[in-house]
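Quick notes on the structure that follows.
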Amino acid sequence: MEITELDPTFKFDVTREPGGEQLMRCFACGTCTASCPVREIDEKFNPRRIIRMVLLGMREEVLSSQFIWLCSTCYACQERCPQDVRITELMSAIKNLAVKEGHLPAAYKMQLELIRNMGRLYEIDEFDNKKRSKAGLPELESTNEDVKKIFVMTGADRLIGGEEGGGE
Amino acid sequence: MNERKIAPFWGCMIPAKYPQMEASIRRSLGRLEVPLVDIDRFTCCPDPIYFKARNKEQWLAVAARNLAVAEEEDVDVMTACSGCTSTLREASFLLAEDEELKERINRRLARIGMRYEGTTRVRHLVEVLRDDVGVDRIRESVTRPLNDIKVAIHYGCHLLKPSQIMHVDDADYPEILERLVEATGATPINHRERLLCCGKGCLSDEIPIQMTRDIFASISQAGADCMGLICPTCFSSFDLGQIMVARKFDEKYEIPVIYYCQLLGIAQGFSIEELGLDLHRVKVDSILARVC
């Protein structure tokens with residue numbers, strides 16, 4: 001990789017995302033990677049390496065990667081980080097930026113559509129309600145207009161192909 | 001402290017996929033005379049992994065709406081899922097910490113005719129059991145103690161962490177579930193992967209199955225009769241997950257996975273059907289045969 005391909009503004013974009021503020025505090029000790037249960041199984045996910053890549057400005061390599069989506073958000077790294085980088089939140093901030101730049105995994109998109117349309121991650125159909133009433137539980141509805149409105153006003157609708165977001 | 005009534009926040013998975021958990025919570029808490037007020041206006045919390053990774057402020061707006069619903073209804077929230085606990089607790093933390101952010105979110109809520117002042121208290125049901133009911137009253141409600149049943153506890157991640165926000169128990173040396181399990185007469189047992197993540201948040205087909213395998217190797221080695229937990233996401237990783245581990249690695253554990261209120265419900269004398277114990281993939285019969 002050539003030095004001219006690096007984007008020195010990348011790290012600032014990450015620190016501007018909510019949760020990414022503490023990025024620059026990293027002194028690369030590797031406690032995160034040593035704590036990470038995902039890394040123990042699959043070397044493709046390596047938090048220290050991801051942080052270095054962000055600091056170096058490897059924008060495309062990070063944002064279009066599959067590995068940023070491997071974080072299971074267990075917080076093991078965040079709890080142990082001696083510099084309070086808040087790594088789990090940082091990973092979330094990096095994902096937020098990846099989504100802004102057009103990298104939204106299909107599974108994520110599907111879940112958003114469900115929440116938008118029903119206010120829930122799982123549809124409650126007639127079968128579920130039957131199962132519920134057999135267990136002595138009240139019936140539930142599967143729709144929520146407020147959530148649809150929040151999706152439209154915050155622009156969440158745009159990426160899942162809904163109405164244009166109003167923003168603020 | 002305020003004397004608000006408690007509203008259960010059921011989330012998405014429990015009412016749709018695992019109504020047995022909801023039934024066990026309603027029954028066991030009913031036996032302990034914890035009055036619950038049902039609110040039908042809550043939506044997905046929304047989930048702290050997928051939705052938050054998509055856009056944190058949009059996630060916060062939907063979460064703030066749920067907190068505002070509780071405030072309008074003058075209730076505090078009791079969660080039954082670690083994901084819901086994580087989202088609602090973090091959302092209330094962020095909104096309390098940052099006045100400017102709170103006003104920005106409130107401008108959005110104003111467009112659906114709502115506002116959040118910041119008074120909703122969010123607790124997981126195990127905190128309600130520990131702090132409001134108390135271990136002694138739980139023990140007194142037991143009519144069929146689970147003597148000699150060894151329970152490997154799985155804490156999961158989002159109940160305890162980030163510790164800076166959650167404050168449920170010590171994140172490295174928690175004991176809340178041990179005390180609650182002991183109250184049923186069962187014996188909590190330690191195992192080396194007690195605090196390992198279930199892996200469900202990881203966007204991969206392979207990694208979560210491997211994590212489930214590691215956890216079951218650990219609790220099987222420790223001699224557990226069953227696993228006890230408090231999160232529906234972890235439950236899905238382990239109940240169905242054991243079947244996937246058996247297929248992929250040809251390793252059969254068949255260790256029943258039981259939500260805490262189902263364990264408590266068995267000890268309080270409720271029937272298998274009342275607790276939905278017949279709905280599990282990994283059969284619970286081995287445990288029931290020893291206590292019923």
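- Chosen from B:Gln164, B:Lys200, B:Met114, the residue pairing most often with chain A at heavy-atom distances under 4.5 Å is B:Gln164.
- With values rounded to the nearest 0.5 angstrom, A:Ile41 atom CD1 is found 5.5 Å from B:Asp214 atom CG.
- With hydrogens and angles ignored, the 3.5 Å screen pairs no side-chain donor or acceptor of A:Asp128 with any backbone N or O of B:Lys17.
- Contact annotation for B:Ile207: both backbone and side-chain heavy atoms come within less than 4.5 Å of a heavy atom of chain A.
- In the displayed structure, B:Glu193 atom CD is contacted under 6.0 Å by more than 12 heavy atoms of other residues, nucleotides or ligands.
- Note that CZ of B:Arg111 is 10.5 Å distant from CD1 of A:Ile150, once rounded to the nearest 0.5 Å.
- B:Tyr50 contributes atom OH, which lies 9.5 Å from atom NZ of A:Lys95 (distance to the nearest 0.5 angstrom).
- With chain B as the partner, the residue from A:Lys131, A:Arg132, A:Lys149, A:Gln66 showing the most heavy-atom pairs under 4.5 Å is A:Arg132.
- Surrounding CE of B:Met244 are at most 12 heavy atoms belonging to other residues, nucleotides or ligands under 6.0 Å away.
- Using a 30° and 60° split on the angle between ring planes, A:Phe151 and B:Phe51 fall in the perpendicular class, above 60°.
- More than 12 heavy atoms of other shown residues, nucleotides or ligands fall within 6.0 angstrom of atom CZ in A:Phe27.
- Residue-environment remark: CZ (B:Arg281) stays at or below the threshold of 12 foreign heavy atoms within 6.0 Å.
- For the set A:Met91, A:Lys100, A:Arg86, the count of heavy-atom pairs under 4.5 angstrom toward chain B peaks at A:Arg86.
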*Between B:Lys161 and A:Thr88, is a side-chain contact (heavy atoms from CB on, under 4.5 Å) present by the stated rule, with each step listed?*
CA-CA 10 Å; B:Lys161 297 176 279 189; A:Thr88 312; over 6 Å; no
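- The minimum heavy-atom distance between A:Asn96 and B:Lys56, with the atom names listed, is OD1-N, 2.8 Å.
- Taking 4.5 Å as the limit, some side-chain heavy atom of A:Pro105 sits within range of a side-chain heavy atom of B:Leu203.
- With a 4.5 Å cut-off on non-hydrogen atoms, B:Glu90 touches chain A through its side chain but not through its backbone.
- Considering only heavy atoms from C-beta on, A:Pro37 stays 4.5 Å or farther from B:Gln210 through its side chain.
- Heavy-atom minimum distance, A:Tyr122 versus B:Ala16: CB-CB, 3.6 Å.
- Residue contact with chain B, scored on non-hydrogen atoms closer than 4.5 Å, involves the backbone and the side chain of A:Pro18 alike.
- Contact annotation: the side chain of B:Thr43 never approaches that of A:Met118 to less than 4.5 Å [non-hydrogen atoms, C-beta and beyond].
- In terms of heavy-atom pairs under 4.5 angstrom with chain A, the leader among B:Pro162, B:Ala23, B:Ala61 is B:Pro162.
- The environment of B:Glu100 atom CD is sparse: at most 12 non-hydrogen atoms of other residues, nucleotides or ligands sit within 6.0 angstrom.
- Although no hydrogens or angles enter the test, the distance criterion places a donor-acceptor pair under 3.5 Å between the side chain of B:His158 and the main chain of A:Thr73.
- No more than 12 heavy atoms of other residues, nucleotides or ligands lie within 6.0 Å of CD in A:Glu43, so this atom counts as exposed by the packing criterion.
- Chain A forms more heavy-atom pairs under 4.5 Å with one residue of B:Cys197, B:Ala53, B:Cys44 than with any other, namely B:Ala53.
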*asked:* Pair A:Thr154, B:Arg108 - check side-chain contact (heavy atoms from CB on, under 4.5 Å), show working.
replied: CA-CA 8 Å; A:Thr154 59; B:Arg108 287 175 168 171; 3.6 Å; yes
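- In this structure, A:Ser72 OG and B:Met211 CE are separated by 4.5 Å, a value rounded to the nearest 0.5 Å.
- A:Lys134 places none of its side-chain heavy atoms less than 4.5 Å from the side chain of B:Pro19.
- Looking at A:Leu121, the atoms closer than 4.5 Å to chain B (heavy atoms on both sides) sit in the backbone and in the side chain alike.
- The closest side-chain heavy-atom distance from A:Ile124 to B:Pro15 is below 4.5 Å.
- You'll find the side chain of B:Ile49 reaches within 4.5 Å of the side chain of A:Tyr108, heavy atoms only.
- For B:Arg65, the part sitting under 4.5 Å from any heavy atom of chain A is the side chain, from C-beta outward, and nothing else.
- In this structure, the portion of A:Glu89 lying under 4.5 Å from any heavy atom of chain B is its side chain and not its backbone.
- One distance of note links CZ of B:Phe42 with CG of A:Asn144; it measures 11.5 Å at 0.5 Å rounding.
- When the shell of 6.0 Å around CG of A:Asp84 is examined, it contains more than 12 heavy atoms from other residues, nucleotides or ligands.
- Using a 4.5 Å heavy-atom threshold, the side chains of A:Leu137 and B:Arg26 count as touching.
- B:Arg41 touches chain A through its backbone: at least one of N, CA, C or O sits under 4.5 Å from a heavy atom, while the side chain does not.
- If you measure heavy-atom distances from A:Leu112 to chain B, the contacts under 4.5 Å come from the side chain alone.
- In this model, a donor atom of one side chain and an acceptor atom of the other lie less than 3.5 Å apart for B:Ser163 and A:Glu79.
- Taking chain A as the reference chain and counting heavy-atom pairs below 4.5 Å, the highest number among B:Glu22, B:Lys52, B:Arg54 is found for B:Arg54.
- In this structure, CG in B:Asp47 is found 5.5 Å from CD in A:Gln111, a value given to the nearest 0.5 Å.
- For A:Arg25, the CZ atom counts as densely surrounded, since its 6.0 Å shell holds more than 12 non-hydrogen atoms of other residues, nucleotides or ligands.
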